[in-house]
J.: 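A single structure is presented below for examination.
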Protein chains: 2
Amino acid sequence: MEPKAAELHAELSRGKTARFDAKLVHLLARTARVFADQGYEKASMRKVALAAGISLPGLYHYVSSKEELLFLIQYQAFGVLTEELEVILERPAAPEGHLEEMVRSHVRYVVRHLPELKVCTTELDSLKGDNYEHVLKRRQRYFELTRSILERLREQDRGSRVEPNLGALYLFGLLNWLVMWFDPKRNDPTELSESLVAFFLGGYRVAALSGSRTEKVEK
Amino acid sequence: MEPKAAELHAELSRGKTARFDAKLVHLLARTARVFADQGYEKASMRKVALAAGISLPGLYHYVSSKEELLFLIQYQAFGVLTEELEVILERPAAPEGHLEEMVRSHVRYVVRHLPELKVCTTELDSLKGDNYEHVLKRRQRYFELTRSILERLREQDRGSRVEPNLGALYLFGLLNWLVMWFDPKRNDPTELSESLVAFFLGGYRVAALSGSRTEKVEK
DNA sequence: GAAATCCGAACGAACGTTCGAACGGAAAGT
DNA sequence: ACTTTCCGTTCGAACGTTCGTTCGGATTTC
């Protein structure tokens with residue numbers, strides 16, 4: 001019920017004691033910062049241990065490998081994002097409303113977990129085998145849920161000629177690039193969300209109305 | 001005058017003989033593929049040498065370090081992009097026309113040099129010292145030139161409420177994310193360019209016209 | 001005192017880079 | 001025309017470093 005606990009409500013019962021889980025959450029947060037700053041490959045387990053305040057072998061008491069650290073960060077991030085989006089879509093609303101809430105939710109996650117999301121955006125292909133497959137499945141679900149919004153938007157709005165799939169790619173281009181320039185000190189999340197939604201809707205609805213060139217625009 | 005030579009017209013006179021430069025260009029192309037596929041840190045000089053068809057110490061006859069490989073790829077890519085954009089902006093045209101040509105030029109570069117551009121997008125911060133500064137300067141110039149288009153677009157078009165700076169960030173979000181999903185077999189460059197321009201213009205002009213929520217849209 | 005937690009020391013592997021020698025083909029010498 | 005010289009080019013072998021991971025035992029917690 002506490003804000004802290006509610007923030008990370010995804011499954012994190014890897015250990016038996018509550019202390020274990022709490023320390024693991026702390027470890028993952030510090031790890032995400034290190035991975036985001038230096039990149040997954042360049043970041044060494046020694047630096048992670050130093051940032052987390054434990055020794056190098058102490059890390060392996062909480063995770064079995066370096067890749068598991070990366071997996072847990074990405075798996076949890078997409079888990080939270082997908083879960084929030086599912087809650088949003090359960091509430092009946094117009095497609096525009098769902099889109100706006102999706103963008104708000106995503107931007108809110110950017111604000112609170114910028115390192116984690118940067119890791120998700122930057123280190124997409126650093127996972128292998130089952131780790132990669134499981135994260136990919138969650139990413140695809142997040143993408144599909146978003147695409148479903150755009151599909152309903154297109155059904156209602158006959159003007160758009162942008163395919164929902166392409167529109168989703170555009171939208172994630174806008175959202176994922178946030179991690180490269182968003183600065184909590186300079187950008188207001190609410191304002192940015194509104195700007196993003198208005199920008200996307202304007203482009204998604206209007207785009208490709210005229211198939212020919214844009215020679216001269218009417219005033 | 002040949003197409004091949006014209007394609008890479010930037011300064012590449014690092015060696016004295018023409019054979020040296022030709023082999024360096026070939027080496028950089030193979031290196032870009034390796035860096036794009038595996039990531040800069042994970043890609044080893046041994047893999048680069050193997051992909052380039054020379055031995056490991058043979059690499060160091062053409063470059064002095066691994067980082068110089070990364071630098072040359074990024075420096076040349078932004079050099080070509082900036083150069084092309086400067087040529088475009090020299091021709092008088094409406095802002096919409098300049099924007100369209102800029103996007104076409106960028107997409108054309110994506111098609112022809114996808115690995116290089118993926119490296120530029122993914123390995124922004126892997127350079128250090130002077131290498132980083134020099135590439136940063138070219139990146140900033142490319143950004144500023146693009147922003148200037150949006151500034152003229154806003155002067156002419158009083159409806160837009162998106163700042164040119166923010167608009168440029170949105171645009172590069174759309175363009176840079178291309179390297180993650182663009183497939184030459186599935187996507188037509190011309191069609192994609194037109195779609196991108198129409199999408200961006202629609203969003204850039206319309207965005208934030210209404211400061212309040214988007215509750216329900218009129219049919 | 002049993003279980004959970006932590007760490008100093010060290011392992012094998014892979015990394016970027018270097019050294020010195022060998023190769024090749026064209027210019028120079030005779 | 002033949003040899004010699006020379007320099008751009010190539011590579012086998014190896015160096016020192018750092019990496020992820022492990023082992024055995026010490027320390028803490030309940």
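By convention in this document, chain letters (A, B, ...) are assigned in the order of the sequence lines, proteins followed by strands, and residues within each chain are numbered from 1.
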J.: If you look at every heavy atom in A/Gln74 and A/Cys120, which pair is closest and at what distance?
T.: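 Looking at all heavy atoms of both residues, the shortest contact is CA-SG, 3.7 Å.
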J.: Less than 6.0 Å separating the ring centroids of A/Tyr170 and B/Phe200?
T.: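 Distance test on ring centres: not under 6.0 Å, no.
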J.: Strictly below 4.0 Å, N to O, side chains only: are A/Glu144 and A/Arg147 in salt-bridge contact?
T.: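 A salt bridge links A/Glu144 with A/Arg147.
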J.: Find the distance A/Leu24:CG to C/dA4:P and express it as a whole number of Å.
T.: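 Whole-Å distance recorded here is 16 Å.
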J.: For C/dG16, does either OP1 or OP2 sit under 4.0 Å from a side-chain N or O belonging to B/Ser64?
T.: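 Looking at the OP1 and OP2 atoms of C/dG16, neither is under 4.0 Å from any side-chain N or O of B/Ser64.
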J.: Calculate the interatomic distance between B/Asp21 atom CG and D/dT9 atom P; express it in whole Å.
T.: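 For the pair B/Asp21 CG and D/dT9 P, the rounded distance is 10 Å.
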J.: Counting distance only, does the side-chain N/O of B/Glu67 pair as donor-acceptor with the main-chain N or O of B/Leu127 below 3.5 Å?
T.: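 Judged by distance alone, no pair lies under 3.5 Å.
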J.: Is it true that A/Glu123 and A/Lys118 make a salt bridge, defined as a side-chain N closer than 4.0 Å to a carboxylate O?
T.: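 Judged by the 4.0 Å cut-off on N to carboxylate O distance, A/Glu123 and A/Lys118 do not form a salt bridge.
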J.: Kindly compute the distance separating OH (B/Tyr62) from CG (B/Asp21), expressed to the nearest 0.5 Å.
T.: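 Rounded to the nearest 0.5 Å, the OH-CG separation comes out at 10.0 Å.
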J.: Taking the six-membered ring of A/Tyr40 as reference, does the NZ or CZ atom of A/Lys66 fall below 6.0 Å from its centre and within a 45° cone about the axis?
T.: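 Pair A/Lys66/A/Tyr40 counts as cation-pi.
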J.: Measure the distance from NZ on B/Lys66 to C1' on C/dA14 and round it to the nearest whole Å.
T.: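 Checked: the NZ to C1' distance equals 11 Å.
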J.: Is it the case that the side chains of A/Arg91 and A/His98 hold a donor-acceptor pair, with the cut-off being a distance below 3.5 Å and no angle test?
T.: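 Side-chain D/A pair, A/His98 to A/Arg91: absent.
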J.: What's touching nucleotides 27-30 of chain D from the protein side, N or O pairs under 3.5 Å?
T.:
none

J.: Which of residues 38-63 of chain B sit near DNA chain C, with a heavy atom under 4.0 Å from it?
T.: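 Correct list: B/Ala43, B/Ser44, B/Met45, B/Arg46, B/Leu56, B/Pro57, B/Tyr60.
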